[in-house]
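To start, the structure itself, in structure tokens.
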Amino acid sequence: MADTFPALLEARLRDALAKVVGDTPLPPDFAASVGPAQNAQFGDYQANAAMVLAKTLKANPRQIAAGIVEHFDAAGLCESPTIDGPGFVNFRLAADTLAARVRAMLADPEKLGVAPAAEPKTVVVDFSAPNVAKPMHVGHIRSTILGDCLARIARFLGHRVITDNHIGDWGTQFGMILWGWKHLLDEAALEKDPVGELLRLYREVNARQKEDEALRETCKAELVKLQNGDPENLAIWEKCVALSKRGLQRIYDLLDVRFDHWLGESYYNDRLAPLVEDLLARGIAEVSDGAVCVFFREIEALDGKPAIVRKSDGGFLYATTDLATIDHRVEEWGADAIWYVVGAPQQLHFDQIFAAAARRGITAELAFIPFGSILGKDKKMLRTRSGDTVQLADVLAEAVERARAIIEEKNPELDEAEKAEIARVIGIGSVKYAELSQYRMTDYVFDWDTMLSLKGNTAPYLINAYVRTRAIFRKLGGEFAGAETIALTEDAEKALALKLAQFAEAVPSVLNDFRPNALAAYLYELANTYHGFYEKCPILRAEGAARDTRLALCELTGRVLKKGLDLLGIATAERM
RNA sequence: GCGCCCGUAGCUCAGCUGGAUAGAGCAACGGACUUCUAAUCCGUAGGUCGUGCGUUCGAGUCGCACCGGGCGUGCCA
């Protein structure tokens with residue numbers, strides 16, 4: 001696939017600069033970079049090289065810019081560059097260049113012009129990771145949706161991606177569950193709603209043990225029995241895990257999220273003791289107050305903050321499990337990179353884990369991808385009216401229900417099955433998009449009206465833009481049949497063509513800093529640009545080359561929107 | 001105490017490696033439906049980018065200090 005426009009412009013800019021500077025060495029960190037223009041009035045792209053180099057070359061930036069323009073080879077790419085302001089060099093792409101790119105994208109329905117990653121890697125994405133037998137609440141939504149999206153994009157860019165749901169299936173919560181199972185279990189309820197009954201047990205025992213010291217101890221004893229292989233507790237545990245997984249799978253199905261593996265904490269049980277022994281033997285860990293710790297005295301930020309890998313009572317912690325998990329992913333799967341999509345409060349934990357892994361000789365790139373909290377309209381952590389944490393399943397159900405009500409109002413003539421399908425697409429898509437359209441670190445306010453709105457940067461808006469592209473072809477009475485000629489004459493056509501070509505810039509940029517919202521912002525701009533085009537340029541009423549061109553732009557917009565939304569994990573509908 | 005994160009329009013949020021006059025949506029006001037789905041569009045109005053120094057030709061963006069909020073900080077995950 002062809003290079004992106006900035007890459008093409010940069011190559012020619014380098015050639016021009018070489019002629020301008022002659023033998024003068026450029027600063028070592030200098031890169032002749034070309035970025036999108038801030039404002040369409042200046043052009044499509046701009047370069048700041050002249051201003052950056054003014055000092056080194058001891059010359060007026062506008063003079064350098066003039067030299068660049070003089071030597072710049074624009075043939076077959078853009079118009080002759082212009083100089084504006086203190087020394088910006090502005091580029092405007094030729095209409096033919098844009099038309100050729102549109103044609104190339106139409107011929108590439110799978111990748112739509114996006115180039116594969118230069119160095120494909122094996123990437124393990126660790127996300128979602130709910131606790132078994134504890135409610136999957138909205139906090140998990142960010143990890144699940146972000147992680148799934150990053151995995152989709154990495155895969156699309158040609159990386160070998162392995163998704164692993166590292167579920168908490170061996171935590172201390174099982175002490176409570178076991179006691180609850182033995183004393184409070186309602187068999188009939190378990191039959192009818194297994195996950196709900198497990199949740200009830202957890203909540204009930206958790207509430208009781210907060211007041212009851214003796215119960216706390218009893219639960220702990222149940223946990224120890226489980227960890228020592230007590231057959232009865234082991235059998236109950238297995239049943240709980242199986243039931244929970246079934247409940248979780250239903251949510252993942254609804255979200256269209258898939259995992260290659262579900263290797264939870266329990267999978268690593270046998271590896272923890274040898275791991276700790278190894279750490280001790282190699283002098284990486286030491287015993288302190290009866291616990292086995294890894295100290296990081298040479299890292300200022302971590303000095304005095306050891307990672308504890310074995311408690312003084314002999315038990316292991318999640319730091320131990322996480323280290324064993326890294327080993328497995330590197331040794332068995334050949335991971336070059338592991339991405340952890342986990343809430344921001346765990347920053348310290350991952351700093352410790354990564355430092356400990358480095359000391360053990362792990363060279364895989366370990367990335368902590370943190371995110372902020374979801375807040376209620378009161379700006380506090382999202383809770384139900386009764387004060388419980390909000391469950392993900394309830395959120396999704398309500399989203400679909402609300403979407404359904406809107407469809408009923410706007411488009412009552414659709415048949416039942418289609419209404420239900422559209423409600424699912426819009427409802428789930430809205431929840432996902434609300435998450436992905438925002439910078440992941442901001443604590444964001446969960447608001448139904450905003451995320452389901454048809455205006456603004458929302459899933460319904462984008463899906464509607466897609467629907468409009470499809471409506472054209474429905475009206476036409478057939479699918480897009482290719483374009484004889486593509487001739488961009490109107491500004492609105494050129495603007496749309498340029499925006500479409502920039503899909504190739506937007507998708508890879510997501511992985512720069514793990515920002516799906518960069519892709520969301522792009523899609524919103526694309527939808528906006530399409531609407532502008534749609535208003536100004538009649539499509540079916542046009543004739544000849546104009547009609548061909550516009551149908552092609554319409555088709556390509558639909559494809560890019562659909563693919564872009566798919567990369568976010570969001571489905572589209574043909575009608576809404 | 002120390003560490004991390006956040007602070008941008010009345011509200012909800014964008015603003016990638018520092019670049020031109022800081023952008024959207026909601027709410028407010030004014031326009032465009034014999035339609036290619038008006039669920040879309042166009043326009044008006046709205047700002048000491050928490051504060052202050054500093055680096056720079058140029059700072060919402062980088063550095064330092066402070067203010068305000070959130071979260072972490074040795075045996076939960």
Side-chain angles (χ1 to χ4, degrees), chain A residues 31 33 35 37-39 41-42 46 48 51-52 54-55 61 84-88 90 129 131 134 168 170-173 265 288-293 295 300-313 315 317-319 321-322 342-349 351 370 372-373 375 377 379-381 406-407 409-411 426 437-439 441-445 447 449-451 453-458 460-461 463-465 467-476 509-510 512-513 515 517-518 520-521 524-525 527-528 530-532 534-536 538-541 550 554 575-576:
Chain A
S33 67
Q38 298 288 312
N39 189 322
Q41 77 185 68
F42 298 120
Q46 63 170 246
N48 310 321
M51 289 175 293
V52 176
K55 184 167 271 184
D84 289 288
F88 293 98
N90 292 318
N131 266 314
K134 266 166 84 172
W170 198 252
T172 44
Q173 78 270 24
E265 293 172 336
S288 169
D289 292 339
V292 179
C293 304
F295 285 91
E300 198 185 346
L302 294 180
D303 189 23
K305 290 173 180 165
I308 300 175
V309 293
R310 193 172 73 200
K311 296 191 284 185
S312 50
D313 69 3
L317 298 100
Y318 79 140
T321 315
D322 278 356
V342 182
Q346 298 207 41
Q347 177 82 54
L348 176 59
H349 168 70
D351 286 346
S373 316
L375 308 177
K377 289 195 98 166
K379 298 279 196 139
K380 299 220 173 101
M381 296 288 284
I406 295 170
I407 294 160
E409 182 200 334
K410 303 283 187 188
N411 230 338
I426 303 265
S437 58
Q438 232 139 139
Y439 176 51
M441 282 307 294
T442 26
D443 293 347
Y444 81 93
V445 176
D447 180 31
D449 295 333
T450 303
M451 74 177 75
S453 166
L454 287 308
K455 292 175 193 147
N457 193 5
T458 65
Y461 177 86
I463 294 171
N464 181 55
V467 165
R468 282 184 136 189
T469 68
R470 301 307 303 150
I472 297 284
F473 292 100
R474 230 183 352 263
K475 182 93 175 188
L476 180 68
S509 80
V510 170
N512 281 348
D513 191 32
R515 290 178 189 245
N517 67 309
Y524 178 55
E525 287 167 19
N528 235 330
Y530 176 70
H531 282 131
Y534 186 91
E535 293 290 323
K536 290 188 193 89
I539 300 164
L540 297 176
R541 286 196 297 270
R550 290 169 188 180
C554 194
R575 243 193 291 257
M576 65 188 279

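Chain identifiers are assigned alphabetically (A, B, ...) following the order of the sequence lines, protein sequences preceding nucleic acid strands; residue numbering begins at 1 within each chain. Computed over heavy atoms, backbone and side chain alike; hydrogens, waters and symmetry mates excluded.
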Taking the side chain as every heavy atom from C-beta outward, state whether A:M441 and A:P370 have any atom pair closer than 4.5 Å.
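Yes. Closest side-chain heavy atoms under 4.5 Å.
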Any non-hydrogen side-chain atom of A:N90 less than 4.5 Å from a side-chain atom of A:Q46?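 A:N90 vs A:Q46: side chains touch.
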Using the [atom1] atom in both, what is the distance from [N] to [M], to the nearest Å?
N: B:rU17; M: B:rC5; atom1: P; result: 14 Å
N: B:rC26; M: B:rG18; atom1: P; result: 33 Å
N: B:rG54; M: B:rC11; atom1: P; result: 31 Å
N: B:rG7; M: B:rU61; atom1: P; result: 11 Å
N: B:rU56; M: B:rC64; atom1: C1'; result: 16 Å
N: B:rG46; M: B:rU34; atom1: C1'; result: 38 Å
N: B:rG23; M: B:rA9; atom1: C1'; result: 11 Å
N: B:rA39; M: B:rA20; atom1: P; result: 37 Å

Could you label the plane-to-plane angle of the A:Y461 and A:H531 rings as parallel, tilted or perpendicular, counting under 30° as parallel and over 60° as perpendicular?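 Aromatic pair A:Y461/A:H531 classed perpendicular.
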Have a look at [X] and say if it touches a base, only the backbone sugar-phosphate, or nothing, with a 4.0 Å heavy-atom cut-off.
X: A:Y534; value: base
X: A:E535; value: base
X: A:V467; value: base
X: A:I539; value: base
X: A:A471; value: base
X: A:S509; value: nothing
X: A:P61; value: nothing

Taking the minimum atom-to-atom distance to the side chain of [X], which one of [options] wins?
X: A:L348; options: B:rC13, B:rU73, B:rA77; result: B:rU73
X: A:K475; options: B:rC76, B:rC16, B:rU37; result: B:rU37
X: A:Y444; options: B:rC13, B:rA77, B:rC36; result: B:rC13
X: A:R541; options: B:rC36, B:rA77, B:rC57; result: B:rC36
X: A:Q438; options: B:rU37, B:rC13, B:rG74; result: B:rC13
X: A:C293; options: B:rU56, B:rC75, B:rG74; result: B:rG74
X: A:P306; options: B:rG74, B:rA39, B:rG15; result: B:rG74

Quiz item: Do A:R470 side-chain and B:rU37 base share a donor-acceptor contact under 3.5 Å?
Solution: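 There is none.
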Handout entry: Point-to-point distance, once rounded to the nearest 0.5 Å, from CZ of A:R470 to CE of A:M576
Key =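 These two atoms lie 15.0 Å from each other.
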With rounding to the nearest 0.5 Å, note down the distance linking CD1 in A:I539 to NZ in A:K475.
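Taking CD1 in A:I539 and NZ in A:K475, the distance rounds to 12.5 Å.
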Please write out the pairs of protein N or O atoms and N or O atoms of nucleotides 1-9 of chain B separated by less than 3.5 Å, giving the distance to one decimal.
none

Using whole Å, what does the distance between atom [atom2] of nucleotide [N] and atom [atom1] of [X] come to?
X: A:K55; N: B:rU55; atom1: NZ; atom2: C1'; result: 10 Å
X: A:L375; N: B:rC11; atom1: CG; atom2: C1'; result: 14 Å
X: A:D449; N: B:rC11; atom1: CG; atom2: P; result: 18 Å
X: A:H531; N: B:rA32; atom1: NE2; atom2: C1'; result: 15 Å
X: A:Q346; N: B:rG72; atom1: CD; atom2: P; result: 10 Å
X: A:Y530; N: B:rC41; atom1: OH; atom2: P; result: 13 Å
X: A:I308; N: B:rG74; atom1: CD1; atom2: C1'; result: 4 Å
X: A:E409; N: B:rA39; atom1: CD; atom2: P; result: 10 Å

For this session: For A:D303, enumerate each residue passing the side chain to side chain donor-acceptor pair (under 3.5 Å) test, keeping only those at least two apart in sequence or located in another chain.
Result: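 Per chain and number, A:D303 pairs via side chain to side chain donor-acceptor pair (under 3.5 Å) with no residue.
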(request) Using side chain to side chain donor-acceptor pair (under 3.5 Å) as the criterion, list what pairs up with A:Q41, not counting sequence neighbours. (result)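 A:Q41 satisfies side chain to side chain donor-acceptor pair (under 3.5 Å) with A:N39 once adjacent residues are dropped.
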- [ ] Report the residue (A:K410 or A:S288) whose heavy-atom-nearest nucleotide on RNA chain B is the more 5′ of the two.
- [x]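 The residue closer to the strand's 5' end, by nearest nucleotide, is A:K410.
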(request) Would you kindly compare A:Y318 and A:A521 by the position of their nearest RNA chain B nucleotide and give the one closer to the 5′ end? (result)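 The residue closer to the strand's 5' end, by nearest nucleotide, is A:A521.
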How would you list, by chain and number, every residue that makes a side chain to side chain contact (heavy atoms under 4.5 Å, CB included) with [X], sequence neighbours excluded?
X: A:L317; result: A:I308, A:K311, A:T320
X: A:S312; result: none
X: A:P460; result: A:I426, A:S430, A:L454, A:T458

Fill in: Partner residues of A:F88 under the ring-ring contact (aromatic ring centres under 6.0 Å, His included) criterion, sequence neighbours left out
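Here no residue qualifies.
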Reading nucleotides 17-30 of chain B from 5' to 3' and marking B where a protein heavy atom lies under 4.0 Å of the base, S where only the sugar-phosphate is that close, and - otherwise, the string is --BBB--SSS----
What stem regions, each of at least 3 consecutive Watson-Crick or G-U pairs below 3.5 Å, can be found for RNA chain B?
->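 Correct response: B:1-7 with B:67-73, B:10-13 with B:23-26, B:28-31 with B:41-44, B:50-54 with B:62-66.
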Report task. For the pair A:T442 (side chain) and A:Y444 (backbone), establish whether a donor and an acceptor sit closer than 3.5 Å, ignoring hydrogens and angles. Result ->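 Judged by distance alone, no pair lies under 3.5 Å.
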Taking salt bridge (charged side-chain N to carboxylate O under 4.0 Å, His left out) as the test, write out the residues that go with [X], two or more places apart.
X: A:D513; result: A:R440, A:R515
X: A:R575; result: A:E418
X: A:E535; result: none

